[in-house]
Amino acid sequence: MPQSLSKVYVHLTFSTKLRRPLIDDAVKHDLWEYFGGVCKSLECPPLRVGGASDHIHICCLLSKKIAQMKLAEDVKRLSSKWIKTRSPEYWDFYWQKGYAIFSVNPTDVDSVIHYIDRQEEHHRQKTFKEELLLFLKKYGAEYDERFLWE
């Protein structure tokens, strides 16, 4: 085949360090936009960005030119630098060290988008820790809980 073809949807999620509720109304919409811009610059068109006060979710189309790790590292690194420029209250802002990224079946993309859109409502009943453990179980991801929470 003389061409490289790819269409891989991913759902990326990670929290603030120690799950501190630092993503407030003053910054969250601009932060979601910033994440979208970073994804676009990496040729990973965002389908939806959202989250809650202590974590984010990104659903995007993974570029065939980039590894999952590079996507996660760049969105975390660049957004952390960006948010620290917003106000002195964010100078001590950090993301957790790790991340979770899962493939999304094309037929399930709309469900993931809907899920991301309902984050604030969803997290009135469930913490990020509970949410992540459910994702890990759903996807059969192996993990060591000693290193899951920092």
Side-chain angles (χ1 to χ4, degrees), residues 1-123 126-129 131-136 138-141 143 148 150:
M1 178 180 300
Q3 55 187 321
S4 299
L5 306 172
S6 174
K7 190 155 193 172
V8 178
Y9 295 99
V10 294
H11 180 180
L12 171 65
T13 188
F14 51 88
S15 74
T16 57
K17 186 172 183 167
L18 302 174
R19 290 164 314 289
R20 292 173 55 202
L22 299 174
I23 305 169
D24 55 27
D25 288 340
V27 74
K28 75 177 175 184
H29 295 293
D30 289 342
L31 181 60
W32 301 167
E33 295 264 332
Y34 189 83
F35 276 124
V38 172
C39 289
K40 286 177 190 173
S41 74
L42 296 170
E43 298 181 34
C44 296
L47 303 172
R48 188 67 87 239
V49 177
S53 64
D54 64 349
H55 70 282
I56 65 93
H57 292 266
I58 299 172
C59 182
C60 67
L61 188 58
L62 186 65
S63 170
K64 64 183 174 187
K65 300 176 186 176
I66 190 169
Q68 297 172 17
M69 182 178 72
K70 175 78 168 149
L71 170 65
E73 284 177 351
D74 282 4
V75 297
K76 288 171 65 180
R77 178 178 50 82
L78 294 170
S79 63
S80 181
K81 285 182 179 181
W82 174 85
I83 200 168
K84 289 175 182 183
T85 68
R86 302 293 290 178
S87 158
E89 68 186 275
Y90 302 115
W91 286 353
D92 193 32
F93 184 96
Y94 296 94
W95 295 114
Q96 72 175 105
K97 289 183 183 176
Y99 61 90
I101 190 166
F102 305 101
S103 61
V104 177
N105 185 317
T107 61
D108 293 332
V109 167
D110 288 340
S111 295
V112 173
I113 289 170
H114 182 68
Y115 181 82
I116 293 171
D117 286 344
R118 295 181 57 230
Q119 280 295 292
E120 288 187 25
E121 175 185 326
H122 177 73
H123 287 289
K126 213 173 260 157
T127 66
F128 176 68
K129 282 176 96 170
E131 176 184 55
L132 183 59
L133 289 171
L134 287 172
F135 277 130
L136 296 171
K138 175 182 176 180
Y139 287 95
Y143 62 94
L148 219 65
E150 55 176 316

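By convention here, the first residue in the shown sequence is residue 1.
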When the side chains of residues 99-107 are checked against the rest of the protein, which donor-acceptor pairs come out under 3.5 Å, sequence neighbours left out?
unit_1: N105; atom_1: OD1; unit_2: T107; atom_2: N; d: 2.9
unit_1: N105; atom_1: OD1; unit_2: T107; atom_2: OG1; d: 2.9

_According to ring-ring contact (aromatic ring centres under 6.0 Å, His included), who are the partners of Y9, at least two apart in sequence or on a separate chain?_
none

*Could you pull out all residues at least two apart from H55 that satisfy ring-ring contact (aromatic ring centres under 6.0 Å, His included)?*
H57, H123, F128

*Could you list the residues that satisfy side-chain contact (heavy atoms from CB on, under 4.5 Å) with E33, not counting sequence neighbours?*
none

*asked:* Suppose we screen for side-chain contact (heavy atoms from CB on, under 4.5 Å). Which residues come up paired with L134, at least two apart in sequence or across chains?
replied: K126

_Just to verify, what does K40 make a side-chain contact (heavy atoms from CB on, under 4.5 Å) with, not counting sequence neighbours?_
P46

*Who passes side chain to side chain donor-acceptor pair (under 3.5 Å) against D110, sequence neighbours left out?*
none

*Does Q68 have any side chain to side chain donor-acceptor pair (under 3.5 Å) partners at least two apart in sequence or in another chain, and if so, which?*
none

*Return the set of residues passing side-chain contact (heavy atoms from CB on, under 4.5 Å) with S79 (not counting sequence neighbours), or none when no residue passes.*
L31, Y34, F35, W95

*Would you call Q119 and E131 a side-chain contact if the rule is heavy atoms closer than 4.5 Å?*
yes

*asked:* Using the side chain to side chain donor-acceptor pair (under 3.5 Å) criterion, which residues pair with K64? Sequence neighbours excluded.
replied: none

*Identify, with sequence neighbours excluded, every residue that meets side chain to side chain donor-acceptor pair (under 3.5 Å) alongside D30.*
R86

*asked:* Just to verify, what does Y94 make a ring-ring contact (aromatic ring centres under 6.0 Å, His included) with, not counting sequence neighbours?
replied: none

